[in-house]
Amino acid sequence: MTQYGALKRNDLESYPDAITDQGQGSGARSLQAPGSIRFFDYRPTPADVRAEVLEGLGRSVKRLSPKLFYDQRGSRLFDAITELPEYYPTRTEIGILRDHGSEMADRLGRDNVLIELGSGSSLKIQTLLAALQPSVYLPVDISKEHLLESAHALAERFPALAIRAACADYSAPFKLPLEPEWTDLAAFFPGSSIGNFDPVDARQLLGRVAGLLGPGGRLLIGVDLPKDPAILNAAYDDAQGVTAAFNLNLLTRINRELEGDFDLDAFAHRAFFNLAESRVEMHLVSRVEQRVRVAGEVFAFRVGETIHTENSYKYGIDAFHRLAENAGFVAEQVWTDPEALFSVHCLRVLETTPHPG
Ligand code: AVI
């Protein structure tokens, strides 16, 4: 994936809602919550997004990064996906977290600073918070609106919890609002979002997480397992067309943010399991020969030509352990559901070998 350049930090000043939630407001704001929330913005700039989109569309095999799915509407559509009958990962992972939460807390430790990557609607962490009892919860997500809404909802439910929400793109080296005295860190990376990275990028990301946690630090990570292709194909091409809308929303976003003129009716959603690569692929297929303008540049499409928008790798337990070990972790424990659809691993950072991302 493209590495963004220098990180930009718009701290609290840019976000009066977050300041209000530190107790300085009068209570009139809709986002106000009783918990202690601080918000930090390390988002890619619009110029970074533009450069990445133009680079991806300019390739001989066109591609767009799946992180572009998550504007406000895309994040809502993703939440709708997680409730679809065909999309088993979310409910299965939550079941595993519910069944084994206290064992997981014994592994991860309590009263620590808990970083969640790709926190989304913070649904899964709610299953674990009572068991984990972190001193600080630090959700990281690329969608600002979603992150703030979820942080506020969480603060209402857990008023004593200190929350530091960081809006950041963790697919590139990222910065977090950590204090030097916070030495006891743990991380939670649910949802099999690691599967949305190609294996080399996944190794790099896990290596960066290992570096962040330091020797002995623990990561709890959800990983989707390989299974019957019919189950996978249905999960990514649901009968109600929610995943299709999620995929096509990427074009709506480009039209809005980058002066694009994509005709959504001229593209179709396609998703299928690629057995050789052990991944579900999502594409947007051009239904016609056409030219599309984005940010002042023109891109030609043949009939049937695709934009590759997402990979979702499925790792067997041994394959995932190899990946984790290559990134500087040792596998401590793995939990699965009775049907072996999904896995949750506890990994520990090796004491000695440094694995810089
Ligand atoms: C966020 N990620 C783990 C989801 C997945 O299953 O790969 C994204 C998704 N794409 C289509 N449906 C869900």
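All figures in this text were calculated on a predicted structure; none of them were measured in a lab. Whatever order the structure lists ligands and atoms in, that order sets their numbers, starting from 1.
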- Is there a donor-acceptor contact under 3.5 Å linking the side chains of S75 and S143? yes

- Is the shortest distance from a heavy atom of G195 to ligand 1 less than 4.0 Å? no

Run the ring-centre check on H283 versus F272 and record whether the distance is less than 6.0 Å.
-> yes

**Message:** Are F78 and F69, when compared by the centres of their aromatic rings, separated by less than 6.0 Å?
**Reply:** no

For Y42 together with F174, are the ring centres under 6.0 Å from each other? no

Q) Looking only at N/O atoms, are Y236 and ligand 1 under 3.5 Å apart anywhere? A) yes

Is the F158 to Y137 ring centre distance short of 6.0 Å? no

Atom 4 (C) of ligand 1: closest protein heavy atom, distance to 0.1 Å, is Y87 OH, 3.4 Å

Any atom of ligand 1 sitting under 4.0 Å from a heavy atom of P89? no

The option among G118, A244, G222, G191 carrying the non-hydrogen atom nearest to atom 3 (C) of ligand 1 is G191

The protein heavy atom nearest to atom 9 (C) of ligand 1 is E310 OE1, 3.6 Å

Taking only non-hydrogen atoms of S192 and a 4.0 Å limit, the atoms of ligand 1 in range are 3 (C)

*Any chance the rings of H345 and F320 have centres within less than 6.0 Å?*
yes

Residue, atom and distance of the protein heavy atom nearest atom 2 (N) of ligand 1 read N196 OD1, 2.9 Å

query = In terms of side-chain heavy atoms, does D337 have a donor or acceptor partner in T92 at a distance below 3.5 Å?
reply = no

Within 4.0 Å of some non-hydrogen atom of S193, the atoms of ligand 1 are 1 (C), 3 (C)

Atom 7 (O) of ligand 1: closest protein heavy atom, distance to 0.1 Å, is S312 OG, 2.6 Å

Sorted by chain and residue number, the salt bridge (Lys or Arg N to Asp or Glu O under 4.0 Å) partners of E103 (sequence neighbours excluded) come out as none

Within 4.0 Å of some non-hydrogen atom of Y70, the atoms of ligand 1 are 1 (C), 8 (C)

Notebook entry, point to check: Can a donor-acceptor pair be found between the side chains of D48 and T45 at a distance below 3.5 Å?
Noted result: yes

field: Sub-4.0 Å heavy-atom approach of F69 to ligand 1
entry: no

Exercise. Using non-hydrogen atoms of the residue, decide whether Y313 is closer than 4.0 angstrom to ligand 1.
Key: no

